[in-house]
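Being a predicted model, the structure only gives us computed values, none of them experimental.
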Amino acid sequence: QVRLLESGGGLAQTGDSLRLSCLVSGGTFSRFGLGWFRQAPGKERTFVASINWSGGNTFYTPSVEGRFTISRDNDKNTVYLQMNNLKPEDTAVYYCATDPTGNGLVLSAGYDFWGQGTQVTVSS
């Protein structure tokens, strides 16, 4: 059983930075693609960023390109999301998930295990 535990969320002001972490236990971490998704109040969960098994390929939704950076540490079984220049529209619950293909998919349907989420709230 794969388990994911997100941390690092909290309150921020416009322009601030936060770094989310997601510790993955179970399975073979180095084979997973990993993704971050978010769900704003009253909206569907959407793709934010993903990274392939090696860390050599990353993908971002356009609204975070240039502000967010996804990375992974295979020695620590952890994936990160560095979020800079935060905006109020980034307010959401952020989830990490594992992609068994290893490719770093952009569609949530391809992900099999999910964390419980961490709240990020950005005030103006």
Legend entry - Distance flag, aromatic centroids of F37 and Y95, threshold under 6.0 Å: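 No.
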
Inset, instruction - Could you tell me whether R72 sits above the aromatic face of F29, with NZ or CZ closer than 6.0 angstrom to the six-membered ring centre and within 45 degrees of the axis? - result: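 Because its charged atom sits under 6.0 Å from the ring centre and within 45° of the axis, R72 does stack over F29.
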
Inset, instruction - Determine, for F113 and R3, whether the Lys NZ or Arg CZ falls below 6.0 Å from the six-membered ring centre while staying within 45 degrees of the axis. - result: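 Pair R3/F113 does not count as cation-pi.
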
Legend entry - Sidechain-backbone polar pair: R67 side chain, N85 backbone, donor-acceptor under 3.5 Å: yes

Inset, instruction - Check whether any side-chain N or O of N52 sits under 3.5 Å from a backbone N or O of N57 as a donor-acceptor pair, and report yes or no. - result: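 Here the side-chain-to-backbone pair exists.
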
Inset, instruction - Scan for side-chain hydrogen bond (donor to acceptor under 3.5 Å, both in side chains) pairs involving residues 96-110, sequence neighbours excluded, and state none if there are none. - result: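 Residue pairs with at least one partner in residues 96-110: T98-D112, D99-T101, T101-N103.
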
Inset, instruction - Enumerate the residue pairs fulfilling side-chain hydrogen bond (donor to acceptor under 3.5 Å, both in side chains) with a member in residues 11-31, sequence neighbours excluded, ordered by first and then second residue. - result: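 For residues 11-31: S17-N84.
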
With a 4.5 Å cut-off on side-chain heavy-atom distances among I, L, V, M, F, W and Y, is there a chain of contacts connecting [X] to [Y]?
X: M83; Y: V64; value: yes
X: W53; Y: F47; value: no
X: L86; Y: V48; value: yes
X: Y111; Y: L20; value: no
X: L107; Y: W36; value: no

Inset, instruction - Report yes if the side chains of V79 and F32 come closer than 4.5 Å at any heavy-atom pair, otherwise no. - result: no

Legend entry - Nearest non-hydrogen partners of V106 and S50, listed with the distance: CG1-OG, 4.4 Å

Inset, instruction - Can you see which heavy atom on Y60 is nearest to which on I70, and at what distance? - result: OH-N, 2.9 Å

Legend entry - Atom CD of E44 with >12 non-hydrogen neighbours under 6.0 angstrom: no

Rounded to the nearest 0.5 Å, what's the gap from [atom1] on [X] to [atom2] on [Y]? Could you check?
X: R38; Y: T61; atom1: CZ; atom2: OG1; value: 7.0 Å
X: N77; Y: L4; atom1: CG; atom2: CG; value: 10.5 Å
X: T78; Y: L23; atom1: OG1; atom2: CG; value: 4.5 Å

Inset, instruction - Measure the acute angle between the ring planes of F68 and Y94, then classify it against the limits of 30° and 60° as parallel, tilted or perpendicular. - result: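 It falls in the tilted class, 30° to 60°.
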
Less than 3.5 Å apart, which donor and acceptor atoms pair up between the side chains of residues 114-124 and the rest of the protein, not counting sequence neighbours?
from: T118; atom 1: OG1; to: G9; atom 2: N; distance (Å): 3.2
from: Q119; atom 1: NE2; to: A92; atom 2: O; distance (Å): 3.4
from: Q119; atom 1: NE2; to: T121; atom 2: OG1; distance (Å): 3.3
from: S123; atom 1: OG; to: A12; atom 2: O; distance (Å): 3.4

